[in-house]
Amino acid sequence: STMLVKRLVAVWPDRVTLREGKLYINDQRAAAPGANPEEPDEDAIPDQTWSLEPGQGFVIGDNRRQSDDSRAFGPIRIETIRGVLFKRVE
């Protein structure tokens, strides 16, 4: 299996919406660190909404234009999270 490093941006009972290339959580514009809020998150992904169920989370990569994340593969099961990144060194 492949290990991915992503930000967990929403959990049940949140509703995640991708509208006009921008990410909203419970109808509020998501201000995720690592992304320019004025730039569309992803131009090529059509508008859609995910209503998270118990035990689900929604993950986003910092490099939103090139990230393989929940916008592409949908919500993940929380129990698949293997660790927490608490410090990023640049």
Side-chain angles (χ1 to χ4, degrees):
S1 71
T2 302
M3 177 124 6
L4 303 172
V5 177
K6 305 292 176 190
R7 288 184 191 275
L8 180 65
V9 297
V11 295
W12 177 81
D14 291 336
R15 186 178 69 253
V16 179
T17 302
L18 186 64
R19 184 172 60 241
E20 298 177 2
K22 297 193 186 275
L23 188 69
Y24 295 82
I25 300 171
N26 301 321
D27 297 319
Q28 299 294 315
R29 176 74 173 106
N36 178 350
E38 299 305 316
E39 185 175 285
D41 298 326
E42 179 60 65
D43 297 325
I45 297 177
D47 291 2
Q48 65 187 54
T49 298
W50 298 266
S51 293
L52 301 182
E53 298 177 1
Q56 288 186 327
F58 200 87
V59 295
I60 296 287
D62 282 355
N63 188 0
R64 291 187 181 192
R65 289 190 174 268
Q66 297 179 1
S67 181
D68 191 19
D69 53 37
S70 286
R71 295 169 300 160
F73 51 72
I76 64 163
R77 300 293 310 163
I78 294 294
E79 68 260 9
T80 64
I81 296 173
R82 297 290 176 234
V84 177
L85 180 64
F86 62 92
K87 183 171 182 161
R88 179 175 162 178
V89 178
E90 295 188 36

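- Taking hydrophobic clusters as Ile, Leu, Val, Met, Phe, Trp and Tyr residues chained together by side-chain heavy-atom distances below 4.5 Å, Ile81 shares a cluster with Phe73.
- Distance CZ/Arg71 to CD/Gln48: 10.5 Å, rounded to 0.5 Å.
- Ile25 and Ala30 make their closest contact through CD1-CB, 4.1 Å (heavy atoms, listed as atom of the first residue, atom of the second, distance).
- A donor-acceptor contact shorter than 3.5 Å links the side chain of Asp47 to the backbone of Glu20.
- Val5 and Val11 fall into different hydrophobic clusters, where Ile, Leu, Val, Met, Phe, Trp and Tyr side chains are chained together by heavy-atom contacts under 4.5 Å.
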Can you list, pair by pair, the side-chain donor-acceptor contacts under 3.5 Å of residues 49-60, counting residues two or more places apart and other chains?
unit_1	atom_1	unit_2	atom_2	d
Thr49	OG1	Thr17	OG1	3.3
Gln56	OE1	Glu53	N	2.8

Worksheet item: Where do Leu4 and Thr2 land on the side chain to side chain contact (heavy atoms under 4.5 Å, CB included) test, with the steps shown first?
Response: CA-CA 6 Å; Leu4 303 172; Thr2 302; 4.0 Å; yes
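- Smallest separation of non-hydrogen atoms from Asp69 and Ser67: OD2-OG, 2.9 Å.
- The two residues Ala72 and Asp68 come nearest to each other via the heavy atoms CB-OD1, 3.5 Å.
- In this structure, the side-chain hydrogen bond (donor to acceptor under 3.5 Å, both in side chains) partners of Asp27, at least two apart in sequence or on a different chain, are Arg15.
- Of all the heavy atoms in Ile76 and Ser70, the pair that sits closest is CG2-OG, 4.3 Å.
- How far CE of Met3 is from CZ of Arg82: 7.5 Å, rounded to the nearest 0.5 Å.
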